[in-house]
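Letters A, B, ... are given to chains in the order of the sequence lines, protein chains preceding strands, and every chain is numbered from 1.
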Amino acid sequence: MPRYDDEVKRIEAKWQAYWDQHQTFHVDLAQTDSASTGKLYVLDMFPYPSGAGLHVGHPEGYTATDIVCRFGRMRGKRVLHPMGWDAFGLPAEDYAIKTGTHPAVTTAKNIETFKRQLKSLGFSYDWSREFATTDPEYYRWTQWIFLQLFDTWYDPGHVWTGPDGKSRTGKGRPIAELPIPADVTSQGTEAVRRYQDHHRLAYQHEAPVNWCPALGTVLANEEIVDGKSERGGHPVERVPLRQWLLRITAYGDRLAAELDDLNWPESIKSMQKNWIGRSEGAEVDFFVGTSAASAGGTTSPAAFEAWKSARAKTGFPQDPASDVIRVYTTRPDTLFGVTYMVLAPEHPAVERLTTLEQRAAVDSYRQQAATKSDLDRTDLAKGKSGVFTGGYAINPVNGEQVPIWIADYVLISYGTGAIMAVPAHDERDLEFATVFQIEVRPVVAPKDQPQHGTPGFFEHGVAVNSGPYTGLPTLEFKAKITGDLQASGLGRKAVNYRLRDWLFSRQRYWGEPFPLWHELDAAGQPTGLLRTDPEASLPVRLPEMANFKPTGTPDPMLSKAPDDWLYATAPDGTRLKRETNTMPQWAGSCWYYLRFADPKNSQQFLDPAIEKSWLPVDLYVGGAEHAVLHLLYSRFWHKVLFDRGHVSTVEPFQRLINQGMILGEVEFTGYVLGEAQGAKTDGSPRRWISVRDLTASVDEEGTATRIVEQTGEVALPVTLDVDAVEKKGDSFVLKEQPQIVVDSRAYKMSKSRGNVINPDVVVDQFGADSLRLYEMFMGPLEAVKPWSMKGVEGVARFLGRVWRMIIDEQHETEVKLNPAVQDVPATAEQLRVAHRTIKAVTRDVESTGFNTAISRMMEFVNEFLAQDVRPRAVIEPFVLLLSPFAPHIAEELWGVLGHSKTLAYESWPTYDEKYLVETEVEIPVQLNGKLRGKVTVPAGADQPAIEAAAKADATIAGQLAGKTIVKTVFVPGKMVNFVVK
RNA sequence: GCCGAAGUGGCGGAACCGGCAGACGCGCUGGAUUCAAAAUCCAGUGUCAGCAAUGACGUGUGGGUUCGAGUCCCACCUUCGGCACCA
């Protein structure tokens, strides 16, 4: 009795070994194949090989791409489907700190586990392309790309046509092509080098960074959630430090605009656009004079007039001089409503503008702001705070004196770090003005009541009280005044981004070293001048280190590296010290999709011929948690490589699908009062409380709890058995006490909740095919879905039925063909079912509707299990349809059906419409749009025939009696509807 | 607060262009097989009324368009994801 459940382990091991031995999925990209119908590059977001092993979330996307690949091969496509490891990063290093195990050892071990697990699922990767981002032969080229970034400056006005034939403005160009101003050239080569360094896409910057003492590293803004580190939830401090940044903002426009042509979910595109946050407005200079503070905080009208007429001649300077405060605004139309200005506390002009009387208050406020973490700043932002500097500026449009404040609601890192405040028409300014009782002057009115300006009106409208501009609609006003300011040298059009430059250095060990040296002076101090490692000498390997304890300071780990790694003397005698920062984890994942196409190339990062024929990635599948960062960084690098002529496409990922998260099993949670955690119970009746009477709350430790709305008493959650609850109305209640409403929901899988499903366990119990099939059957790939072990049993049962449909279970020992499978012609009805299934499954796979494709196959099996004769001519195509989903059982059945080699390259079945036509069809009959009956008529029956049949039907006739048909709606082949009175 | 996605049986979900709501699976009920159980097979299963034929109601809520709305339009509610002083 060879039952499927008894055979599954043998079958899966057998076919995994077969695919390995025959290199079934190996693809040689250099080879051309005239018979192929094109290339298909399908990529999974490669995993970080954590110590916890594979999670059931991983195989979801991996199964989807595997189906697409297997389907593609059967349709004659040449398929590139690689897998590798995103292996640099914090966890391996944290483990090293704890145990002393070298991160390379931990990483290798974890990779081994992941690989074993992935192989046990039968994915059709070309494993010969495998690599990890930690391989020196890989990070050699990561460093090489960094050198490209270092060698590039962005020329925003450059108009050019790329290899894609499209014209665009703005290009990353070699630093050698950067025009050097004459006054810089005249200062000598060192000045030129510094000028170039100032314009590179990779540059150094001293800035307050997010220093996390617990992790011993500086974090990027994106790695901080609610003021705490994303990993571990540790507090973060602001500390000034020299950092490497990548000038991603230079590409802001192109990163936003070039999303349009991509086949990505609209939600991801809009998330990226929001993240980039492009805004258009104007920069305006407010005159403060040269000695504002010493002049008692005010500036003479005469000096202002002189400045203005000078500006009319010179125009608006590129960089503001110290006699002005430059602001950025998106609403230059509200210039007549300005009643104060605000500088960020860190703004360099604060020092100069602060009067003697205000100095103490300003200094103390600045100190507070500097030490505050972002969290504190957000917390305190619930009310606005700020201090008057004592200084004044002059409003360029009306010559008014405007008081200058500092406040931390203005950020130094956005725009110019200074704003003109218009409390009447900006919510934040209004809040601030209310706290400090500053004048609110309305200058915009709603279109429908244009007489008076309306304070608190934040939308577009019509200008009032705005001198010569009064009466203009907002948009016209903006355009006009921006032009006028430009003409008089007082302002200009400006664009800003919410996106900041990318903080690219980390102070950890387990990352790519920078291929850079700092020149040292005679005293051994850095001069600020840099040298690069020659390309031929890459990779710069990580030095061996004795211990991995963090330095305890923001100094990088590598500053403790051995001297022979740290120091060198250049041929010209200059002493050099290595850059000791390492690159962030994002670096390795920014370009791995390129290397997969040519992973062994020791001459180039990627062969241009292969790049041209195999890029871009046609389908990229991964979790939505990478919707912004990874995908934005990758696109940025790709565009730089494009500008520098190393790749021929502007975008790396043509099509993107985000798989939805898999949650744990649905849980029912009731709440009780008067019990402590884990203290139950003496058998006394529990004091159940309905969730309707509870409200969510967060305690001091940040843990979410439920409390009684009226009394504030904390309710203890109790997990309930399914049998203890029932549905009542819209909610679930206790069976015993139906007035007690309970929670019913699925939670994110987590160790602490204990609802994690281990794929190894599922494979062991049901087999890889069942796991794959279940994950695809759960629902749409993109949806968030709860796990259900019963559901896995369901698909395992289906595979058992497939097995019995084709295999003779009566036979004692041998896996033999079921005698019902015969070489006889299929009946018309059997052909109809088969071709209907082929049509539906094909369409569903093409549209990634895997759940419905599986439903169709289930219908096929339900149909054919009931038949005593199962013609081979319909059974074989079915096995092929099933094979991308459940490849092991399909290969086995294919063998039993008499084939000697893998079905991986068999032609995908095709259907013929002629088998799909039915002889009779059932037509629904409606009366006034309501279904009243059905009539069966020959296929292709015309309207009169169907109407006659409908009227002849007993129930319809009864309903029609005594009524008049006013109208008949007829949809051929679909339905007929009588409108009656 | 802003941006995005989604609300359909007891549960996961299906329904292509506005045309039979609930495919397929889970669960549940009854039956067959069995000494018994597992496994398997058969039948039923949106709610209410009815012995039944059948009827009424039914896709988050309220309105609208239409012969006909889960699907289109307007307003709102809830859940999830993202952003959050970006001037």
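- A salt bridge does not link A:Asp333 with A:Lys478: none of the charged nitrogens is closer than 4.0 Å to a carboxylate oxygen.
- A:Lys269 places its NZ atom 18 Å from the C1' atom of B:G82, with the value rounded to the nearest Å.
- Comparing B:U54 with B:G64, their C1' atoms are spaced 32 Å from each other, to the whole Å.
- Against the 90° criterion about 0, the sugar-base torsion of B:G58 places it in the anti range.
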Please walk me through it: do A:Leu335 and A:Leu485 pass side-chain contact (heavy atoms from CB on, under 4.5 Å)?
-> CA-CA 11 Å; A:Leu335 263 164; A:Leu485 289 167; 3.9 Å; yes
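- For A:Leu629 and B:C83, the CG to C1' distance is 12 Å, given to the nearest whole Å.
- A:Tyr340 has its ring centre less than 6.0 Å from the ring centre of A:Phe432.
- One can place CG of A:Asp953 at 14 Å from C1' of B:C20, the figure rounded to the nearest angstrom.
- Note on ring orientation: taking the six-membered ring where Trp is involved, the planes of A:Phe436 and A:Trp405 are tilted (angle from 30° to 60°).
- With P as the reference atom, B:C17 and B:U71 are 14 Å apart, rounded to whole Å.
- Look at B:C57: its glycosidic torsion is beyond 90° from 0, and that puts it in the anti range.
- Listed candidates were B:C85, B:A87, B:C3. Nearest to the side chain of A:Asp426 is B:A87.
- Counting non-hydrogen atoms under 4.0 angstrom, A:Ser270 reaches the backbone sugars and phosphates but no base.
- Rounded to a whole angstrom, the distance from the C1' atom of B:G46 to that of B:G58 is 8 Å.
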Indicate for each nucleotide in nucleotides 40-63 of chain B, in 5' to 3' sequence, whether protein heavy atoms under 4.0 Å reach the base (B), only the sugar-phosphate (S), or nothing (-).
-> SS-------------SSS------
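- For the P atom pair drawn from B:A6 and B:A15, the interatomic distance equals 14 Å after rounding to whole Å.
- Within 4.0 Å (heavy atoms only), A:Asn862 reaches sugar-phosphate atoms of the nucleic acid but no base atom.
- Here A:Gly794 lies in heavy-atom contact (under 4.0 Å) with sugar-phosphate atoms only.
- Atoms CZ and OG1, on A:Arg492 and A:Thr482 in that order, are 12.5 Å from each other to the nearest 0.5 Å.
- On a pure distance criterion of 3.5 Å, no polar donor-acceptor pair joins the side chain of A:Lys273 and the base of B:C3.
- B:U66 atom P lies 15 Å from atom CG of A:Asn928, rounded to whole Å.
- Taking atom CD on A:Glu726 and atom C1' on B:C28, their separation rounds to 14 Å, with Å as the unit.
- Separation of the P atoms belonging to B:A69 and B:G63 is 14 Å when rounded to the nearest angstrom.
- Using atom C1' as the reference point in both B:A23 and B:G70, the two lie 15 Å apart (nearest Å).
- Looking at heavy-atom distances under 4.0 Å, A:Ser279 makes contact with sugar-phosphate atoms alone, never a base.
- Ion pair A:Arg843/A:Glu846 not flagged as a salt bridge, since none of the NZ, NE, NH1 or NH2 atoms sits closer than 4.0 Å to an Asp/Glu carboxylate oxygen.
- If you find the closest nucleotide of RNA chain B to A:Arg498 and to A:Val795, the one lying nearer the 5' end belongs to A:Val795.
- Rounded to whole angstrom, the span from the CG atom of A:Asp721 across to the C1' atom of B:G27 amounts to 14 Å.
- In secondary-structure terms, RNA chain B builds stems of at least 3 consecutive Watson-Crick or G-U pairs, each pair having both distances under 3.5 Å, at B:1-7 with B:77-83, B:10-12 with B:24-26, B:27-32 with B:40-45, B:46-49 with B:54-57, B:60-64 with B:72-76.
- Rounded to whole angstrom, the span from the CG atom of A:Asp844 across to the C1' atom of B:A23 amounts to 12 Å.
- Ion pairing of A:Lys493 with A:Glu283 is absent here, as no side-chain N (NZ or NE/NH1/NH2) approaches a carboxylate O to less than 4.0 Å.
- Listed for the A:Lys839 side chain is no donor-acceptor partner under 3.5 Å among the backbone atoms of A:Tyr911.
- Checked against A:Phe850 for a side-chain contact (heavy atoms from CB on, under 4.5 Å), the options A:Asp844, A:Val841, A:Val845 give a single hit: A:Val845.
- RNA chain B is contacted by both A:Val979 and A:Glu859; A:Glu859 maps to the nucleotide lying nearer its 5′ end (nearest heavy atom per residue).
- Taking atom C1' on both nucleotides, B:C20 is separated from B:G68 by 12 Å, rounded to a whole Å.
- Scanning atom types as modelled, one donor and one acceptor separated by under 3.5 angstrom connect the side chain of A:Lys934 and the base of B:C20.
- One interatomic measurement links the two molecules: CD of A:Glu793 to C1' of B:A39, which rounds to 12 Å at whole-angstrom precision.
- Classified by interplanar angle (parallel below 30°, tilted 30° to 60°, perpendicular above 60°), the ring pair A:Tyr328/A:Tyr414 is perpendicular.
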Assign a letter to each nucleotide of nucleotides 5-19 of chain B from its 5' end: B, base within under 4.0 Å of a protein heavy atom; S, sugar-phosphate only; -, no contact.
-> -----SSBSS-B--B
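- B:U8 and B:A14 have their P atoms separated by 11 Å, given to the nearest Å.
- Ion pairing between a basic and an acidic side chain is recognised when a charged N comes within 4.0 Å of a carboxylate O; A:Asp426 and A:Arg331 show no such pairing.
- A:Asp260 has a carboxylate O that lies under 4.0 Å from a charged side-chain N of A:Lys273, or vice versa, which qualifies the two as a salt bridge.
- A close approach under 4.0 Å does occur between a side-chain nitrogen or oxygen of A:Lys790 and OP1 or OP2 of B:G27.
- Residue A:Tyr774 is tested with A:Phe798, A:Phe885, A:Trp787 for a ring-ring contact (aromatic ring centres under 6.0 Å, His included); the sole match is A:Trp787.
- Ionic pairing of A:Glu947 and A:Lys951 is present here: one or more N-O contacts between side-chain nitrogen and carboxylate oxygen are shorter than 4.0 angstrom.
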